[in-house]
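A short write-up of the structure that comes next.
If you read the sequence from its start, that first residue is 1, and numbering goes on from there.
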Amino acid sequence: MNLESPKVTLDKSPEDTFNFLSDVKNFESLMPENISKFELLEEDKFLFALKGMPEIVLKKKEEVPHNKIVLGAAGGKLDFSLIGHITEVEANKSEVQLTFSGEFNAMMAMMIKGPINKFIETLVANMKTAV
């Protein structure tokens, strides 16, 4: 299953945007309003939970400076990645798009597609004010 958020343009350089997203504690400011828990577990790993959903642990898996950040599931039964793609638009402007990628059976994919799509859309929308 692959999902893409809309692209959002930020009044920040790709470097500034990358640095913000590289610091996983900053994801707390991007979370939707229905977050029930956010906990920094390690420098590159955090746990969060949305109301009515199980806790999810994400760990930074890969970085390509100023272009890409990959967060992946750390433990649990589901294996997926959340990838931030950063593109320079012009000096001090960058475009960000999040993609979600995971292997799920058809039933699971059907159940989680809507909530995950809404989740990644909220994360990029909140970048306009948080970054």
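- At least one side-chain heavy atom of K113 sits under 4.5 Å from a side-chain heavy atom of L3.
- Looking only at side-chain heavy atoms (C-beta outward), L30 and L21 come within less than 4.5 Å of each other.
- More than 12 heavy atoms of other residues, nucleotides or ligands shown are found within 6.0 angstrom of CD on E90.
- Between V124 and Q97, the closest side-chain pair of non-hydrogen atoms is not below 4.5 Å.
- Rounded to the nearest 0.5 Å, atoms CG (L50) and OG1 (T122) are 9.0 Å apart.
- Counting only heavy atoms from C-beta outward, the side chains of M1 and F100 approach each other to under 4.5 Å.
- Side chains of F27 and L40 form no contact here, defined as non-hydrogen atoms less than 4.5 Å apart.
- If you take OG on S22 and CD1 on I69, they are separated by 3.5 Å, rounding to the nearest 0.5 Å.
- Atom CG of N117 has more than 12 neighbouring heavy atoms from other residues, nucleotides or ligands inside a 6.0 Å radius.
- Counting heavy atoms from C-beta on, the side chains of K68 and I83 come closer than 4.5 Å.
- Side-chain contact between V8 and E95 is absent, with no heavy-atom pair separated by less than 4.5 Å.
- Taken from CG in N26 to CD in E28, the straight-line distance is 9.5 Å, to the nearest 0.5 Å.
- Under the side chain to side chain contact (heavy atoms under 4.5 Å, CB included) test applied with L71, the options K60, K59, E62, K61 reduce to a single match, K60.
- By the criterion of side-chain heavy atoms lying less than 4.5 angstrom apart, applied directly or through intervening Ile, Leu, Val, Met, Phe, Trp or Tyr residues, V64 is not grouped with L98; the two fall into different hydrophobic clusters.
- Side-chain atoms of L123 and L82, non-hydrogen and from C-beta on, do get closer than 4.5 Å to each other.
- Applying the ring pair (Phe, Tyr, Trp, His ring centres under 6.0 Å) definition to pairs two or more places apart or across chains, those involving residues 106-131 are F48-F119.
- Without hydrogens or angle criteria, N34 side chain to K51 main chain gives no donor-acceptor distance under 3.5 Å.
- Taken from OG in S13 to CD1 in I86, the straight-line distance is 9.5 Å, to the nearest 0.5 Å.
- Taking S101 as the reference, N2 meet the side-chain contact (heavy atoms from CB on, under 4.5 Å) condition, with sequence neighbours excluded.
- For the atom pair L47 CG and E42 CD, the distance stands at 11.5 Å (nearest 0.5 Å).
- Tested against S94, the residues D16, T17, T87 include a single side-chain hydrogen bond (donor to acceptor under 3.5 Å, both in side chains) partner, T17.
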